[in-house]
Amino acid sequence: MTGVPLSYIIRNLWVRKLTTVLTAGGMALVVFVFAAVLMLAAGLEKTLVETGSHDNVVVIRRSAQTEIQSGVAREQAAIIAARGEIATAADGAAEVSKEVMVLVVMPKRISNKPSNVTIRGVSQRGIALRPQVKITAGRMFRPGSAEVIAGTRVAQGFRGAGIGETLSLGGKTWTVVGTFDAGGSGFASELWGDVDQMMQAFRRSAYSSVIFRLANSGDFEQLRRALEDDQRLTVEAQRETLFYAKQSEMMSSFLSVLGTILSVIFSIGAIIGAMITMYAAVANRTHEIGTLRALGFQRRNILAAFLFESLLLSLLGGVLGLVLASFLQLYTVSTMNWQTFAELAFTFSMNGRVVVEALLFALFMGLAGGFLPAIRAARLDIVEALRSV
């Protein structure tokens, strides 16, 4: 005798429409919370990873975790910039940028609450090294001037960061002359200005980092060892993609752990709900179960049928939860990056990993909620089951 027909299982869910909807809805809410946290962590990771380019190299002070903590002396920066592995632009100049990064406090537009914002001093080569950065309104700042351009997230979220507005930072007044889109990267949460003007205003005698593009991407390991072994230097080099990916590790891990804990707590209620639903289904279909056994279906067939019914119910809830969670991609979240202590704006991101993990989580709830009721159904005595009318 083959297993119980799939049509029979689906029909039972359809007959019990109200309980099916309520149970699947409860599971959908849990999956929604679980997926939302995963999407938050994925969005943070995506934003920071896309900030970097694989062929770009970031050089910072040895043991510094971020550019904010780093300091590269001018003499050291000159030695790094003279390396032959650095790509050359069409005009013959090396594609290298000596940059400085500082944190400034700015009030938010809506709440007026102060928050940290990253301001980056860059050279014209530094802008060319980030092809994802595009001016969307206004113009580029002029070298040697007290002008800045603002990332779209900063321009929208902070007072004084709009085109034509002024900012008093580092004892100097800066005029915002343009806004730029950063292609979904973390640069959209920064202010950019001329590196020499920034160093003068914020009284910095050393650069924060040196960024350059490799002429040959395969030379990275050799170059990294050469820089880190050079006795004149106290620096470390990383590919830009890896450098920014590390910036998301702490926050992403925290969000994942917190989301898992909350989802497990909420899932207990969903599992209990599924269990009650399946126990009720067993109680209401005792006569049917007896009939199926009399027709020759084995205990394992009954067990598989009820377990599959519970899994189908949870899968329905999982899909519904993911559909609801997908709308979160329309929203932007701002939070402090725990690595740099600067505010970072990013969006929820749904990817294949989030979908798979959310559906597996939903199926786990279905399995946990349907296992005991399925065993009860499989253990029913044929004679006793047929007598219950």
Side-chain angles (χ1 to χ4, degrees), residues 23-52 108 110 115 118 132 151-154 156-157 181-190 241-271 274 311 313-368:
T23 305
M27 289 186 170
L29 291 176
V30 177
V31 171
F32 171 80
V33 173
F34 184 69
V37 178
L38 292 180
M39 289 169 62
L40 199 60
L44 174 64
E45 183 178 348
K46 178 183 177 183
T47 296
L48 288 175
V49 169
E50 290 186 353
T51 300
K108 293 189 174 182
I110 298 177
S115 184
T118 299
Q132 70 270 47
T152 52
R153 305 298 188 194
V154 178
Q156 294 166 3
D181 177 74
S185 68
F187 292 133
S189 298
E190 297 181 356
T241 47
L242 178 61
F243 175 77
Y244 283 110
K246 288 182 177 180
Q247 307 294 303
S248 69
E249 286 181 352
M250 184 182 297
M251 189 68 171
S252 180
S253 298
F254 170 77
L255 289 173
S256 297
V257 171
L258 177 63
T260 301
I261 293 174
L262 290 176
S263 299
V264 168
I265 294 174
F266 292 153
S267 69
I268 293 174
I271 290 172
L311 290 173
L313 191 62
S314 64
L315 182 61
L316 178 63
V319 172
L320 179 59
L322 282 172
V323 170
L324 294 174
S326 66
F327 289 100
L328 292 175
Q329 297 177 100
L330 301 175
Y331 296 92
T332 299
V333 179
S334 293
T335 187
M336 184 180 71
N337 185 341
W338 292 355
Q339 293 286 96
T340 62
F341 300 104
E343 180 149 327
L344 178 69
F346 58 96
T347 57
F348 289 85
S349 177
M350 180 175 287
N351 54 34
R353 188 183 68 180
V354 171
V355 172
V356 171
E357 290 184 6
L359 290 179
L360 288 176
F361 184 69
L363 291 173
F364 168 77
M365 289 192 293
L367 181 64

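The residues of the chain are indexed from 1 along the displayed sequence. Worth saying up front: this structure is predicted, and the values here are computed from it rather than measured.
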Where is the tightest heavy-atom contact between [X] and [Y], given as atom of each residue plus distance?
X: L328; Y: A36; value: CD1-CB, 3.5 Å
X: A35; Y: V354; value: O-CG1, 4.1 Å
X: S189; Y: V154; value: C-CG2, 3.2 Å
X: V31; Y: G318; value: CG1-O, 3.7 Å

Just verifying a value: how many Å separate [X] [atom1] and [Y] [atom2], rounded to the nearest 0.5 Å?
X: Q329; Y: M350; atom1: CD; atom2: CE; answer: 5.5 Å
X: N351; Y: L38; atom1: CG; atom2: CG; answer: 9.0 Å
X: T152; Y: F187; atom1: OG1; atom2: CZ; answer: 13.0 Å
X: L311; Y: L316; atom1: CG; atom2: CG; answer: 12.5 Å
X: F348; Y: F327; atom1: CZ; atom2: CZ; answer: 14.5 Å
X: F34; Y: M27; atom1: CZ; atom2: CE; answer: 14.5 Å

* Steps toward side-chain contact (heavy atoms from CB on, under 4.5 Å) verdict (F361, M365) -> CA-CA 6 Å; F361 184 69; M365 289 192 293; 4.1 Å; yes

* Would you find more than 12 non-hydrogen atoms of other residues, nucleotides or ligands less than 6.0 Å from L360 atom CG? ->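 Above 12, so yes.
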
